[in-house]
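Right, one structure below, let's go through it.
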Protein chains: 2
Amino acid sequence: MDANFDKELFIEKFKNSCNRIQIKNFKKNEIVTTYIEKRNQICIVLSGEVDLIRYDSNGNKTIIGHFVVSDVFGEVFYPANTNNELFVIARKNSEVLFFTYDTLFNKCRRNCDFHKELTSNLTELFLDQIINLNLRIELLTKRTIREKILAYFDILSKRSIRRSFTLPFSYTDLADFLSIDRSAMMRELKLLIDEGFIKKHGSKITLTF
Amino acid sequence: MDANFDKELFIEKFKNSCNRIQIKNFKKNEIVTTYIEKRNQICIVLSGEVDLIRYDSNGNKTIIGHFVVSDVFGEVFYPANTNNELFVIARKNSEVLFFTYDTLFNKCRRNCDFHKELTSNLTELFLDQIINLNLRIELLTKRTIREKILAYFDILSKRSIRRSFTLPFSYTDLADFLSIDRSAMMRELKLLIDEGFIKKHGSKITLTF
DNA sequence: TTTTTTCTGTTGCATATGCAACAATTTTGT
DNA sequence: ACAAAATTGTTGCATATGCAACAGAAAAAA
């Protein structure tokens with residue numbers, strides 16, 4: 001996703017560091033982690049894709065976040081007293097790096113060069129994450145299903161630099177990601193097709209406006 | 001808001017730095033900045049409160065973000081090609097610190113102690129901001145008006161450590177913040193009162209469940 | 001391969017939410 | 001202190017959206 005992110009270099013730096021870090025592999029649909037207790041865990045996607053999921057009391061599934069290579073996630077980014085049980089699931093086979101924020105900042109203040117660079121690296125990763133979250137909020141604050149769909153398609157279109165793109169989700173998951181009802185979304189998609197705004201072949205969408 | 005944020009110390013560090021920074025004062029309702037061109041601007045609220053606002057083509061106002069002391073905002077946190085015109089307005093008389101991300105990282109790589117500490121500071125500010133954004137996404141992904149209201153009240157309740165708290169918004173703005181219709185929200189609030197979930201005196205809310 | 005599960009596409013119906021409009025109240029500005 | 005502007009509180013009505021259900025297609029598992 002981020003062309004400037006040198007995964008190998010980043011891992012190498014971590015491995016040579018004084019911090020305890022872990023790299024784990026996950027098969028598709030495996031649970032990567034849960035946000036239950038506050039361990040100040042930070043995770044970085046090294047390969048694959050993972051989703052942050054919430055099920056509410058009505059059984060509604062919501063894809064709170066969708067993370068790809070170089071994205072950061074983890075329960076350190078959530079307040080301690082959250083009422084929700086959130087968990088992260090691998091959408092594809094994925095490789096994830098784990099460490100803790102505490103380890104990074106509190107236990108290792110030796111002013112070593114590594115830390116300086118790591119902190120800087122982390123700042124950039126955090127910045128990227130803030131940008132992603134702001135994009136997500138832009139989507140979610142749209143008032144209608146149509147606006148949400150078009151806003152999301154616009155993002156995907158800009159990312160692919162084309163008017164055509166392939167959805168990273170199934171339509172079922174797309175609805176859970178946009179926090180809307182699936183059948184209502186399908187209905188709106190059909191309207192958008194009928195009105196000539198988009199074309200749709202399987203999970204490939206083309207904007208025609 | 002953040003008890004660990006030492007505003008005076010932070011400003012002092014900035015002022016003694018090699019970066020060009022600015023501190024400006026704004027009266028209530030004055031425009032603090034707009035997100036139009038990409039200047040990589042980062043802003044920090046030193047006092048007061050500011051709102052990030054979007055008006056859509058239907059005239060709907062949305063309060064995308066609400067920032068208080070120690071919160072960071074700025075168009076560096078938004079992708080370059082956003083379609084929206086966003087602007088930041090002072091909700092109260094406010095003091096805001098301005099600098100640019102580029103200045104910080106590109107032009108001043110002298111490895112001076114200030115930068116190391118500033119970067120670390122910034123990382124913590126970014127982390128706090130990510131937590132805020134995640135809370136906001138939690139709100140916005142709730143499916144019903146009732147759930148949104150109760151989730152937001154729960155946050156305010158936890159912040160005040162009491163079952164009672166005063167809304168930081170007018171009811172008009174609260175609706176714009178939750179991205180829902182004001183009259184529908186008022187209706188739901190009345191239902192919540194009638195069903196004994198909350199009490200309401202002006203802008204003071206008490207949870208009774 | 002065959003079987004099982006998940007996903008897609010669609011529709012009728014119920015209802016939560018948005019919209020418009022207005023009076024009463026409160027706040028702001030002069 | 002007064003006038004103007006904004007907010008609150010409320011309601012009737014329209015409709016966008018959610019819900020339930022199902023058949024066919026596609027994907028995954030056996």
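Chain identifiers are assigned alphabetically (A, B, ...) following the order of the sequence lines, protein sequences preceding nucleic acid strands; residue numbering begins at 1 within each chain.
Heavy atoms only, all atoms of each residue included: Lys28(A) and Asn93(A) are closest at N-OD1, 2.7 Å. Taking both residues in full, the closest heavy atoms of His66(A) and Val68(A) are given as NE2-CG1, 3.9 Å, listed atom of the first, atom of the second, then distance. For the residue pair Pro168(B) and Leu156(B), the shortest heavy atom distance occurs at CD-CD1, 3.9 Å. In terms of heavy atoms, Cys43(B) sits closest to Gly74(B) at SG-CA, 4.3 Å.
With a cutoff of under 4.0 Å to any heavy atom of chain A, the contacted region of DNA chain D is bounded 5' to 3' by dT17(D) to dA28(D).
Listed by chain and number, the residues in a side-chain contact (heavy atoms from CB on, under 4.5 Å) with Ile130(B) are Phe77(A), Phe126(A), Gln129(A), Ile130(A), Leu133(A), Asn134(B) (sequence neighbours excluded). Residues forming a side-chain contact (heavy atoms from CB on, under 4.5 Å) with Met185(A) (at least two apart in sequence, or on another chain): Ile149(A), Tyr171(A), Leu174(A), Ala175(A), Ile180(A), Leu189(A). Under the side-chain contact (heavy atoms from CB on, under 4.5 Å) criterion, Glu30(A) pairs with Phe26(A), Lys27(A), not counting sequence neighbours. Legend: residues meeting salt bridge (Lys or Arg N to Asp or Glu O under 4.0 Å) with Lys24(B), ordered by chain and number and at least two apart, are absent.
No donor-acceptor contact under 3.5 angstrom links the side chains of Ser94(B) and Glu49(B), judged on distance only. Thr34(A) and Glu85(A) share no side-chain donor-acceptor pair at under 3.5 Å. For Arg162(A) and Thr206(A), the side-chain atoms include no donor-acceptor pair closer than 3.5 Å.
Of the residues in residues 174-182 of chain A, those lying under 4.0 Å from DNA chain D by heavy-atom distance are Ile180(A), Asp181(A), Arg182(A). Non-hydrogen atoms lying under 4.0 Å from DNA chain D are contributed by Lys200(B), all within residues 200-208 of chain B.
Counting non-hydrogen atoms under 4.0 angstrom, Ser183(B) reaches a base of the nucleic acid.
Listed by first and then second residue, the salt bridge (Lys or Arg N to Asp or Glu O under 4.0 Å) pairs involving residues 163-179 of chain B are Lys61(B)-Asp173(B), Arg91(B)-Asp173(B) (not counting sequence neighbours). For residues 176-209 of chain B, every residue pair satisfying the ring pair (Phe, Tyr, Trp, His ring centres under 6.0 Å) rule, not counting sequence neighbours, is listed here: Tyr152(B)-Phe177(B), Phe169(B)-Phe177(B). Within the structure, every pair that satisfies the salt bridge (Lys or Arg N to Asp or Glu O under 4.0 Å) test and touches residues 189-209 of chain A, not counting sequence neighbours, is listed here: Arg146(A)-Glu195(A).
When each of Arg187(A) and Ser170(B) is assigned the nucleotide of DNA chain D bearing its nearest heavy atom, the one mapping closer to the 5' terminus is Ser170(B).
In the helix from dT1(C)-dA30(D) to dT30(C)-dA1(D), the terminal helix axes, each the rotation mapping four pairs' C1' atoms onto the next four within five end pairs, subtend 70°, rounded to 10°.
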Restricting to nitrogen or oxygen on both sides, can you table the protein-nucleotides 25-30 of chain C pairs closer than 3.5 Å?
| unit_1 | atom_1 | unit_2 | atom_2 | d |
| --- | --- | --- | --- | --- |
| dT28(C) | OP1 | Lys28(B) | NZ | 3.3 |

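A salt bridge is defined here as a Lys NZ or Arg NE, NH1 or NH2 lying under 4.0 Å from an Asp or Glu carboxylate O, and Glu188(B) with Lys148(B) fails to meet this definition.
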